[in-house]
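What's counted below: heavy atoms across the whole structure, side chains too, no hydrogens, waters or symmetry copies. Given the structure is predicted, the values throughout are model-derived calculations rather than measurements.
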Amino acid sequence: MSAVTTSPRPFAPSSWMQPTASAPTRLPRIVGADAPVPLEDGRHVPYANFDYAASAPCLEAVHDAVTRALPYYSSVHRGAGYASQATTAAYERARETVRSFIGAWERASVVFTRNTTDAMNLLAHALPPRTTVVVFETEHHATLLPWRRAVRLPAPASPAEAVAAADRALAAAPQGPRLLVVTAASNVTGELWPVAELAEAARRRGARIAVDAAQLVPHRPLDMTALGLDYVAFSGHKLYAPFGAGVLAGRADWLRAADPYLKGGGATVSVGERTRWAADPQQRHEAGTPNVLGVVALAAACETLAAAGWDALVAEEERLLARLRQGLARVPAVRQLSLWGERHPRVGIVSFTVDGWNARDVALRLSGEYGIGVRDGKFCAHPFVRHLLADRPDAPRAAGAGGCADASAPASAVRASLGLGTTDEHVDRLVDALSAIGAVC
């Protein structure tokens with residue numbers, strides 16, 4: 001069984017936001033790649049950022065696109081002045097840029113939101129009455145929690161079991177609309193889900209499928225038309241565009257039939273004794289002044305990644321990920337977390353525990369003594385992390401000796417996530433630091 005099936009698509013950047021230089025011959029660069037951070041002993045070292053899965057830093061190309069947009073920044077739509085016309089044109093071109101980036105069909109709606117959480121809540125708001133939603137407990141809270149009528153499935157033992165469980169749940173659902181909601185890449189383990197097969201199962205049962213692609217699109221190409229996806233949601237801040245924009249793309253009918261997600265200016269055709277709402281979901285659900293610069297940044301990130309070439313991006317990430325995972329495997333105290341085993345394909349995310357240590361204290365020590373940024377906790381995926389740790393919600397980790405962490409805190413994990421600014425030195429620094437920390441207990 002395959003994991004996420006994706007394929008690159010022809011991609012033409014919009015003229016207003018094209019890079020000033022020719023096509024890049026190296027991987028895109030991030031802003032502040034060599035920024036120094038202070039250590040507890042007063043020294044400064046270059047920051048080793050392993051927190052890309054939470055928010056990726058800004059690409060230099062994104063920074064440049066926003067800088068070029070600022071002189072003409074204005075409110076979009078209905079403005080007669082040049083700045084408003086230029087900004088409106090850029091805003092609407094960004095919609096087409098996103099459509100191409102994710103392989104959406106020509107008439108798919110592309111609604112700009114704040115982030116993936118906002119996008120999934122918009123979709124939940126737009127569901128027809130009595131829609132049954134099937135979702136796995138392995139999801140991020142943004143994908144797990146918004147639904148009014150949900151069937152939660154336990155963590156599957158294999159990709160094949162995920163497809164079979166979804167198929168059974170959809171077949172057993174009551175008559176009426178049905179929606180399967182699934183992640184494309186786990187924000188906890190990075191493991192790729194069998195999206196193509198799940199989409200096929202949904203179609204077989206007359207259901208639709210919505211995919212949380214927040215952790216996929218920074219790492220892999222996505223073609224929602226080829227995959228047969230009905231809805232895709234993702235965030236700009238995971239995609240090297242940290243300016244607060246997100247996307248819900250997909251079928252227009254449910255969105256068109258729903259009341260506006262927000263009621264206000266821009267969502268209306270006319271207001272009087274009776275309000276007439278816009279029929280176009282892209283207008284109907286974008287009331288108020290949108291985050292224009294966030295959308296410009298998002299489009300610039302899409303263009304930059306596509307222009308860089310996915311083959312090169314994926315090859316470099318997989319090289320660094322292999323270096324990290326092999327290094328962690330040599331540290332006796334480190335336990336890497338996985339749902340489907342070490343060989344299953346994944347993006348650049350590794351979660352782990354360190355024997356005898358509370359995850360928070362590991363993260364603090366990595367920051368204060370080594371200049372390394374990681375994430376600790378349950379990563380807004382509490383049921384999944386508890387499953388992986390095989391712990392009760394209030395179960396403490398075992399205490400270690402010799403200055404190890406407080407064992408009274410709930411069990412959690414450490415997450416290291418890679419991105420375009422990650423280097424071999426960063427990976428080796430993290431592995432060496434965990435070796436030193438793990439040797440204490």
Side-chain angles (χ1 to χ4, degrees), residues 54-56 62 66 75-77 87-88 90-102 104 108-127 133 139-148 179 181-184 187 208-218 222 224 229-268 277-278 280-302 380:
S55 282
V62 169
V66 171
S75 290
V76 297
H77 305 139
T87 302
T88 298
Y91 185 80
E92 294 303 328
R93 274 195 297 268
R95 225 185 283 276
E96 298 309 311
T97 298
V98 169
R99 188 191 311 278
S100 179
F101 182 72
I102 60 174
S109 290
V110 176
V111 180
F112 290 121
T113 64
R114 292 181 297 170
N115 45 47
T116 308
T117 302
D118 197 30
M120 285 297 186
N121 276 269
L122 167 57
L123 181 57
H125 167 82
L127 295 184
V133 175
E139 295 293 329
H140 186 283
H141 294 167
T143 310
L144 183 69
L145 299 179
W147 320 107
R148 294 185 293 272
L179 178 69
V181 182
V182 67
T183 191
N187 78 304
R208 298 187 181 187
I209 182 169
V211 171
D212 174 354
Q215 298 294 344
L216 179 75
V217 292
L222 173 67
M224 66 180 295
L229 308 183
D230 297 288
Y231 303 97
V232 164
F234 64 95
S235 299
H237 72 97
K238 312 281 191 189
L239 194 67
Y240 306 97
F243 295 89
V247 171
L248 176 66
R251 294 184 180 272
D253 54 347
W254 287 359
L255 294 167
R256 187 183 298 116
D259 283 345
Y261 183 47
L262 300 172
K263 294 180 172 67
T268 63
W277 302 110
D280 183 355
Q282 298 171 160
Q283 183 179 351
R284 190 181 187 92
H285 297 294
E286 289 185 8
T289 300
N291 179 6
V292 174
L293 293 179
V295 169
V296 168
L298 175 59
C302 292
C380 293

Report task. Could you please spell out the steps behind the side chain to side chain contact (heavy atoms under 4.5 Å, CB included) verdict for Val247 and Val232? Result -> CA-CA 8 Å; Val247 171; Val232 164; over 6 Å; no
Query raised in the report: Going through the distances and angles, do Phe243 and Val62 end up as a side chain to side chain contact (heavy atoms under 4.5 Å, CB included)?
Result: CA-CA 10 Å; Phe243 295 89; Val62 169; 3.9 Å; yes
Query raised in the report: Under the side chain to side chain contact (heavy atoms under 4.5 Å, CB included) criterion, do Met120 and Val181 qualify, and how do the steps go?
Result: CA-CA 10 Å; Met120 285 297 186; Val181 182; 4.2 Å; yes
Query raised in the report: What do the steps show when you test Glu96 against Arg93 for salt bridge (Lys or Arg N to Asp or Glu O under 4.0 Å), and what is the final call?
Result: CA-CA 5 Å; Glu96 298 309 311; Arg93 274 195 297 268; over 6 Å; no
Report task. Could you go through the side chain to side chain contact (heavy atoms under 4.5 Å, CB included) check for Leu127 and Trp147 one step at a time? Result -> CA-CA 9 Å; Leu127 295 184; Trp147 320 107; 3.8 Å; yes
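Using the six-membered ring where Trp is involved, Phe234 and Phe101 have ring planes that are tilted, between 30° and 60° apart. Ring-plane geometry between Trp254 and Tyr231 is classed as parallel, the angle between the planes falling under 30 degrees on a 0 to 90 degree scale with a further cut at 60.
Between the side chain of Asn291 and the main chain of Gly244, a donor-acceptor pair closer than 3.5 Å is present. Checked by atom type and distance alone, the side chain of Lys238 never pairs as donor or acceptor with a backbone atom of Pro218 at under 3.5 Å. Side chain of Arg99 to backbone of Val110: no donor-acceptor contact under 3.5 angstrom is found. Of the possible polar contacts, one joining the His237 side chain to the Ala54 backbone as a donor-acceptor pair under 3.5 Å is found. In this structure a side-chain-to-backbone donor-acceptor pair under 3.5 Å is missing from His285 to Arg256.
When all heavy atoms of Val295 and Ala245 are compared, the pair lying nearest together is N-CB, 3.9 Å. Smallest separation of non-hydrogen atoms from Tyr91 and Glu286: OH-OE1, 2.7 Å. Of all the heavy atoms in Ala301 and Ala241, the pair that sits closest is CB-CB, 4.1 Å. Minimum interatomic distance between Pro281 and Val111 (heavy atoms only, all atoms of both residues): O-CG2, 3.8 Å. The two atoms that bring Leu255 and Ala126 nearest to each other are CD2-CB, 3.8 Å, heavy atoms only. The nearest pair of heavy atoms linking Arg284 to Ala267 is O-CB, 3.4 Å.
In summary, the side chains of Thr143 and Asp212 do present a donor paired with an acceptor at a separation below 3.5 Å, with no hydrogens or angles considered. Side-chain N/O atoms of Tyr261 and Asp118 include a donor and acceptor closer than 3.5 Å. In this model, no donor atom of one side chain and acceptor atom of the other lie less than 3.5 Å apart for His140 and Gln215. His77 and Thr88 share no donor-acceptor pair across their side chains, judged by distance under 3.5 Å alone.
The side chain to side chain contact (heavy atoms under 4.5 Å, CB included) test with Asp230 is passed by exactly one of Leu179, Ile209, Leu123: Ile209. A side-chain hydrogen bond (donor to acceptor under 3.5 Å, both in side chains) with Ser235 is found for exactly one of Asn115, Thr117, Thr116, Thr113, namely Thr116.
Considering CG of Leu216 and CD1 of Ile102, their distance stands at 11.0 Å, rounded to 0.5 Å. For the atom pair CG of Leu239 and OG of Ser55, the computed distance is 11.5 Å after rounding to the nearest 0.5 Å.
Take Leu262 and apply the side chain to side chain contact (heavy atoms under 4.5 Å, CB included) test, not counting sequence neighbours, and it matches Ala287. Scanning for side chain to side chain contact (heavy atoms under 4.5 Å, CB included) contacts around Ser75 gives Thr289, with sequence neighbours left out.
Using a 4.5 Å heavy-atom threshold, the side chains of Trp277 and Pro260 count as touching.
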